[in-house]
Amino acid sequence: MESTALIPLQYALDTFYFLICGALVMWMAAGFAMLESGLVRAKNTTEILTKNIVLYALACVMYLLFGYYLMYSGDAGGVLPNFGFLIGDEHAVETVAAGGEGAPYYAKRADFFFQVVFVATAMSIVSGAVAERMKLWAFLAFAVVMCGVIYPVEGYWTWGGGFLKEAGFKDFAGSGIVHLAGATAALAGVILLGARKGKYGSNGQINAIPGANLPLATLGTFILWFGWFGFNGGSQLKMSTISDANAVASVFVNTNLAAAGGLLAALVVARILFGKADLTMILNGALAGLVAITAEPSTPTGVQAALIGAVGGVLVVFSILLLDKLRIDDPVGAISVHGVSGIWGVLAVPLTNSGASFAAQLLGVACIFAWVFVASLLAWGLIKLVMGLRVSEEDEYEGVDIVECGMESYPEFTRK
């Protein structure tokens, strides 16, 4: 039994660790901004950057006002959470010092901060998929709904103690809860929005629309890779005991190996299919590996983690090609990276975690997809009726930077 004299020190250490991991996840917002701005055309860069920084602020406010309480206020095993406003008072010194079963091991506001950067991540996924043709204010309106209601409700089902948790669904850091949810919301938006002009020809051809800045996209991928250590590592929730410290180390190693496995697998598949080392596929392969391992980074061996990531890297290449054949235009591959690889990651959990079942994992995937898709489709549809989703054809041709933001990121290159 641990000495009660050590409990305040453990509380401080775990709170500090939680906050630092949250800060790493917040830095992923920069990664998404750089990745997406590198993969769109120069004339749409400023608007992408605007979306990414504003959505982060919106996520923080909406999760404070509504989302956090929705996600963590319902009855155990429930379907519908409660509604209200809460961060809550901090734990009393006496409660922490007493220790014992049920004693808190980090500050409540550390938990809020860690959770809010997760909801911002889910919304960031949507940004890239609808890039280059969606109205800025339509996107921001959807961010309010996504961060305030849609994400917190499905998050409550597992992390808030709802019915999926009771059913045995396991998702360590959010392959389904965060990544599949973001991709599903993006899919609903893309279906209503339609493809970019010139992306698909009338006779079935698929026209490549290259991004403007691959160095920026690569930097964004490295930033996301780096931030993912906080994303997965922080989801252990504490590290002040030997067992938790060992678990955190395992999570870090497996997260890194899964990214490497996904990257190398995508490289090989791209070489076989295209005869070239396609950098965009390589970047998405690394991200797909990271998404795949997120559902369970603590139980695999290093080799297993690399293989789980590799499968994600293979799947993402074929998924991107399939979506193009289906004329679903996703400029950055977000639906494939976060959706398809997210599903794979959730379903792979029972391969290394004996406490998980395929039935419960399938149930979780189905419920998350169904709720987020239907709710998002309704939200996008209402926004379309009220203000419209898409800029005009002329504005799309000129670029949404000038139309939506009144400035360009590369004026010396894009203006004659």
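Scope of the values below: all heavy atoms of this structure, side chains included, with no hydrogens, waters or symmetry mates. Sequence positions, counted from 1, serve as the residue numbers for this chain.
Taking each heavy atom of Ala288 and Val337 in turn, the nearest pair found is N-CG1, 3.9 Å. Contact record, Gly233 with Phe252: CA-CE1, 3.7 Å, taken as the closest heavy-atom pair. Taking every heavy atom of both residues into account, Ser37 and Ile48 meet most closely at N-CG2, 3.7 Å. Annotation for Leu70 and Gly148: closest pair CD1-O, 3.2 Å, computed over non-hydrogen atoms. The nearest pair of heavy atoms linking Val119 to Ala59 is CG1-CB, 4.1 Å. Pairing each heavy atom of Ile223 with each of Ala30, the nearest pair is CG2-C, 4.3 Å.
Using a cut-off of 4.0 Å between Lys/Arg side-chain N and Asp/Glu carboxylate O, Asp329 and Arg196 are scored as salt-bridged. For the pair Glu132 and Lys43, the salt-bridge criterion is not met [side-chain N within less than 4.0 Å of a carboxylate O].
More than 12 heavy-atom neighbours from other residues, nucleotides or ligands sit within 6.0 angstrom of CZ on Phe274. More than 12 heavy atoms of other residues, nucleotides or ligands lie within 6.0 Å of CZ in Arg327, so this atom counts as buried by the packing criterion. Applying the 6.0 Å contact sphere to CZ of Phe16 captures no more than 12 heavy atoms from other residues, nucleotides or ligands. Heavy-atom neighbours of Ile242 CD1 from other residues, nucleotides or ligands within 6.0 Å: at or below the threshold of 12. Annotation for Lys238: atom NZ counts as buried by contact number, over 12 foreign heavy atoms lying within 6.0 Å.
Under the 3.5 Å distance criterion, with hydrogens and angles disregarded, a donor-acceptor pair is assigned to the side chains of Asn232 and Thr255. With no hydrogens or angles considered, no side-chain donor-acceptor pair links Asn256 and Trp228 at under 3.5 Å. Side-chain atoms of Tyr17 and Gln236 include no donor-acceptor pair closer than 3.5 Å. Using a 3.5 Å distance cut-off with no hydrogens or angles, the side chains of Asn246 and Ser243 do not pair a donor with an acceptor. Donor-acceptor pairing under 3.5 Å is lacking for the side chains of Thr45 and Ser409. For the residue pair Asp111 and Tyr72, no side-chain donor N or O sits within less than 3.5 Å of a side-chain acceptor on the partner. Side-chain atoms of Ser175 and Thr294 include no donor-acceptor pair closer than 3.5 Å. Between the side chains of Ser298 and Glu296, at least one donor-acceptor pair of N or O atoms lies under 3.5 Å.
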Given the rule in the salt bridge (Lys or Arg N to Asp or Glu O under 4.0 Å) test, do Glu396 and Arg390 qualify, once you have shown the distances and angles that lead to the verdict? CA-CA 9 Å; Glu396 184 178 346; Arg390 188 165 184 144; 2.9 Å; yes
Assess the residue pair Trp380 and Met134 against the criterion (side-chain contact (heavy atoms from CB on, under 4.5 Å)); give the C-alpha distance rounded to whole Å, side-chain angles, the decisive distance to 0.1 Å, and a yes or no. CA-CA 11 Å; Trp380 287 122; Met134 177 173 276; 3.3 Å; yes
Asp324/Lys199 under side-chain contact (heavy atoms from CB on, under 4.5 Å): CA gap, chis, key distance, verdict: CA-CA 9 Å; Asp324 261 343; Lys199 176 62 178 177; 3.5 Å; yes
Report the C-alpha distance between Val332 and Asn284 in whole Å, list the side-chain angles of each, state the deciding distance to 0.1 Å, and finish with yes or no for side-chain contact (heavy atoms from CB on, under 4.5 Å). CA-CA 8 Å; Val332 304; Asn284 279 330; 6.0 Å; no
Val190 vs Val130, side-chain contact (heavy atoms from CB on, under 4.5 Å): CA-CA, chis, key distance, verdict: CA-CA 6 Å; Val190 168; Val130 300; 4.1 Å; yes
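Between Phe118 and Phe114, the ring centre distance stays below 6.0 Å. Phe231 has its ring centre less than 6.0 Å from the ring centre of His179.
A 4.5 Å side-chain heavy-atom check between Leu136 and Val400 finds every atom pair outside the cut-off. Taking the side chain as every heavy atom from C-beta outward, Arg133 and Glu393 never approach each other to under 4.5 Å. Contact check for Trp27 versus Leu224: no side-chain heavy atoms found under the 4.5 Å cut-off. By the 4.5 Å heavy-atom criterion applied to side chains, Ile177 and Trp157 are not counted as neighbours. Under the 4.5 Å side-chain criterion, counting only non-hydrogen atoms from C-beta, Cys147 is not in contact with Leu58. At a threshold of 4.5 Å between non-hydrogen side-chain atoms, the residues Phe373 and Ile191 count as touching. In this structure, the side chains of Leu263 and Trp225 come closer than 4.5 Å at one or more pairs of heavy atoms. Side-chain contact between Met71 and Tyr63: present, with at least one pair of heavy atoms (C-beta onward) separated by less than 4.5 Å.
At least one donor-acceptor pair closer than 3.5 Å links the side chain of Asn254 to the backbone N or O of Pro300. Remark: side-chain polar atoms of Thr221 are paired, donor with acceptor, to backbone N or O of Ala217 under 3.5 angstrom. Panel note: side chain Asp244, backbone Ser240; no donor-acceptor pair is recorded below 3.5 Å. Judged purely by atom type and a 3.5 angstrom limit, Ser354 has no side-chain atom pairing as donor or acceptor with the backbone of Pro350. With hydrogens and angles ignored, the 3.5 Å screen pairs a side-chain donor or acceptor of Trp159 with a backbone N or O of Asp171. The closest donor-acceptor contact from the side chain of Ser319 to the backbone of Leu315 lies at 3.5 Å or more, if one exists at all. The backbone N or O of Lys170 lies less than 3.5 Å from a partner atom in the side chain of Gln361, making a donor-acceptor pair.
With rounding to the nearest 0.5 Å, the separation of CD in Glu404 from CG in Asn44 is 10.0 Å. In this structure, the separation between CG on Leu290 and NE2 on His338 is 9.5 Å, given to the nearest 0.5 Å. Distance check, rounded to the nearest 0.5 Å: CZ of Phe142 to CG of Leu389 gives 10.5 Å. In this structure, Asp14 CG and Leu237 CG are separated by 9.0 Å, a value rounded to the nearest 0.5 Å. In this structure, NZ in Lys325 is found 9.5 Å from CZ in Phe318, a value given to the nearest 0.5 Å. Atoms CG and OG1, from Leu35 and Thr280 in turn, are 10.5 Å apart once rounded to the nearest 0.5 Å.
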